[in-house]
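As the structure lists them, so they are numbered: ligands from 1, and atoms in each ligand from 1. Hydrogens, waters and symmetry mates are skipped; everything else that's a heavy atom, side chains included, is used. Each residue takes its place number in the sequence, starting with 1.
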Amino acid sequence: MNILLTGGTGYIGSLTCVGLIEAGEHPVILDNLGNSKPAVLERIAAVTGVRPAFVEGDVRDRACLDELLARHRIDAAIHFAGLKAVGESVRLPLPYYDNNVHGAQVLASALHAAGVRTIVFSSSATVYGDAKTMPISEQAPTQATNPYGRTKLMVEQMLEDLAAAEPDWSVTLLRYFNPVGGHPSGLLGEDPQGIPNNLMPYIAQVAVGRRERLTIFGDDYPTPDGTGVRDYIHVLDLADGHVAALRHRCGRAGVRVFNLGTGRGHSVLEVLRAFEAASGRRVPYVVAPRRAGDVASCWADPARAERELGWRAQRSIEQMCRDTWSWQLANPTGYPS
Ligand code: NAD
Ligand code: WQD
């Protein structure tokens, strides 16, 4: 199949691209390089032996999409492209609605016009807000607590409305928990610009000497050691989840929502210790007050994905740390410009 990957040079898109090539599919990447570098394409080629087709462009640019869709016989799209920083979305909501909501609307319209009826959307566990019960199943109530989360919910709803109006659409909503790790070769990984917002890249930058110490946001949560608990999932497991979702969902009409998580939670201190063991480096830290908007715990019930997609996360927290470290050590300042 020819698969359009919007945001395909980004963190999750690039590793999913590798997974798709290894599964014998033909990805076509569309990315505006707003948060990724062209060097990613060489790295994908180094890992797989295949340089994926690439179009530099924006999902909000209808003419660009129409041209891409006319040139490549696209069977399905995976829509990764978007902005993803929660704090930034609070300060700058409009670019989030523009990139994420308007972007998805332009993409869906262009796919529709081109006769493509299969879309897989990168959603997020953030749509569960402060869930009352763990693990979180897909039936849990949704509730966004910030503009970023609201854009994810809006796009989910828009695609649901589309599938309700036009029953030949196949819409798959994948709610990722906390993706971490990189390719074991050290060639592909997460390359945040500026100060990392997320735990794993922050720890990795402390371990490699780019930052002095980790700040732990709160050690007074109602969790076993007082620090926040999350469902960290290896990005390669996530990539496998996309391949499984495409294989299973292509041609099956209607909307299906899947959690992509491991079903296991790890605390901040557990991740820190696992990273120290994997890297052989000490990771100094200080404890600070809780970060606004954080929940105490969040982990998935991934049973539906296993039952329906035959997919289950395989990789341990040790491997997540090992592969993050291989990437960080080989690319201490990220991808070359
Ligand atoms: P990323 O920033 O590494 O990748 C997103 C890519 O999209 C980047 O390469 C960027 O240049 C591109 N892009 C952004 N806006 C675009 C536009 N308007 N047109 C074309 N390209 C555009 O992010 P990621 O971590 O790979 O996340 C991928 C998707 O998964 C996002 O939609 C994100 O919201 C979602 N998600 C991420 C996480 C996470 O923790 N990383 C968790 C849940 C969901
Ligand atoms: C994990 C834990 C922090 C950094 C975010 C988004 C979510 C999704 C994934 C996109 C928490 C603690 C963190 C640090 C810390 N993204 N922490 N010091 O908040 O679960 O989810 O990324 O959809 O929408 O909200 O992930 O990695 O930021 O935090 O103590 O410097 O680590 O408090 O307990 P989070 P995270």
Name the option, out of [options], that contains the heavy atom nearest to [atom].
| atom | options | value |
| --- | --- | --- |
| atom 43 (C) of ligand 1 | Pro201, Ser124, Cys64 | Ser124 |
| atom 35 (C) of ligand 1 | Gly34, Gly7, Ser14, Ser122 | Ser122 |
| atom 19 (N) of ligand 1 | Leu107, Val59, Val106 | Val59 |
| atom 32 (O) of ligand 1 | Phe177, Phe80, Tyr11, Tyr96 | Phe80 |

- Partners of Asp58 by salt bridge (Lys or Arg N to Asp or Glu O under 4.0 Å), sequence neighbours excluded?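 Listed in chain order: Arg60.
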- Item | Heavy-atom pair of closest approach, residues His72 and Val28 | ND1-CG2, 3.8 Å
- Might you point out which heavy atoms bring Thr118 and Gly251 nearest each other, and give the distance in Å? OG1-N, 4.0 Å
- Note on the structure: Connected to Tyr221, directly or through other members, by ILVMFWY side-chain contacts below 4.5 Å are none
- Task: For residues Tyr335 and Trp327, establish whether the separation of their ring centroids is below 6.0 Å.
- Result: yes
- May I ask you to check whether His248 and Phe258 place their ring centers less than 6.0 Å from one another? no
Looking at [atom], what's its closest protein heavy atom, distance included?
| atom | value |
| --- | --- |
| atom 4 (O) of ligand 1 | Gly10 CA, 3.4 Å |
| atom 33 (C) of ligand 1 | Tyr148 OH, 3.6 Å |
| atom 5 (C) of ligand 1 | Gly82 O, 4.0 Å |
| atom 8 (C) of ligand 1 | Asp31 OD2, 3.5 Å |
| atom 40 (O) of ligand 1 | Pro179 CD, 3.3 Å |
| atom 15 (N) of ligand 1 | Asn99 OD1, 3.2 Å |
| atom 25 (O) of ligand 1 | Lys84 NZ, 2.8 Å |
| atom 2 (O) of ligand 1 | Asn35 ND2, 2.7 Å |

- Message: Show the atoms of ligand 1 that are less than 4.0 angstrom away from any heavy atom in Asp58.
- Response: 17 (C), 18 (N), 19 (N), 20 (C)
- Atoms of ligand 1 less than 4.0 Å from Ser36 heavy atoms? 8 (C), 9 (O), 11 (O)
- Taking the six-membered ring for Trp, are Tyr148 and Tyr96 parallel (under 30°), tilted (30 to 60°) or perpendicular (over 60°)? perpendicular
- Item | Whether Trp325 and Phe275 hold their rings parallel, tilted or perpendicular, with breakpoints at 30° and 60° | perpendicular
Taking the non-hydrogen atoms of [X], is any one of them nearer than 4.0 angstrom to ligand 1?
| X | result |
| --- | --- |
| Ser123 | yes |
| Gly57 | yes |
| Thr6 | no |
| Glu190 | no |
| Gly103 | no |

Separation between [atom1] of [X] and [atom2] of [Y], rounded to the nearest 0.5 Å:
| X | Y | atom1 | atom2 | answer |
| --- | --- | --- | --- | --- |
| Leu173 | Glu160 | CG | CD | 6.0 Å |
| Leu4 | Leu68 | CG | CG | 5.5 Å |
| Asn198 | Ile203 | CG | CD1 | 11.0 Å |
| Leu30 | Glu67 | CG | CD | 11.0 Å |

- Note on the structure: Tested for side chain to side chain donor-acceptor pair (under 3.5 Å) against Asp237, the lone hit among Arg315, Arg312, Gln314 is Arg315
- Message: Counting only heavy atoms and a distance below 4.0 Å, can you name the residues contacting ligand 2?
- Response: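 Correct list: Val86, Ser124, Thr126, Tyr148, Asn178, Asn197, Asn198, Leu199, Leu214, Thr215, Ile216, Phe217, Gly228, Arg230, Tyr232, Val268, Arg291, Asp294.
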- Message: I need the contact type for Leu33 against ligand 1. Using non-hydrogen atoms and a strict under-4.0 Å cut-off, is it side chain, backbone, both or neither?
- Response: backbone
- Message: Counting only heavy atoms closer than 4.0 Å, does ligand 1 sit against the backbone of His79, its side chain, both, or neither?
- Response: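 No part of His79 comes within reach of ligand 1.
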- Task: Indicate yes or no: does an N/O atom of Asn32 lie under 3.5 Å from an N/O atom of ligand 1?
- Result: yes
- Is there any N or O on Ile12 that sits under 3.5 Å from an N or O of ligand 1? yes
- Determine the sole option in Phe121, Trp311, Tyr176 for which the ring-ring contact (aromatic ring centres under 6.0 Å, His included) test with His242 is passed. Tyr176
- Partners passing side chain to side chain contact (heavy atoms under 4.5 Å, CB included) against Ala45 (at least two apart in sequence or in another chain):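 Side chain to side chain contact (heavy atoms under 4.5 Å, CB included) check on Ala45 returns Arg51.
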- Query: So, Thr324 versus Gln328: side-chain donor-acceptor pair below 3.5 Å or not?
  - Reply: no
- Query: How far apart are the C-alpha atoms of Asn197 and Arg291, what are their side-chain angles, what is the distance that settles it, and do they pass the side-chain hydrogen bond (donor to acceptor under 3.5 Å, both in side chains) test?
  - Reply: CA-CA 11 Å; Asn197 297 306; Arg291 183 171 64 177; over 6 Å; no
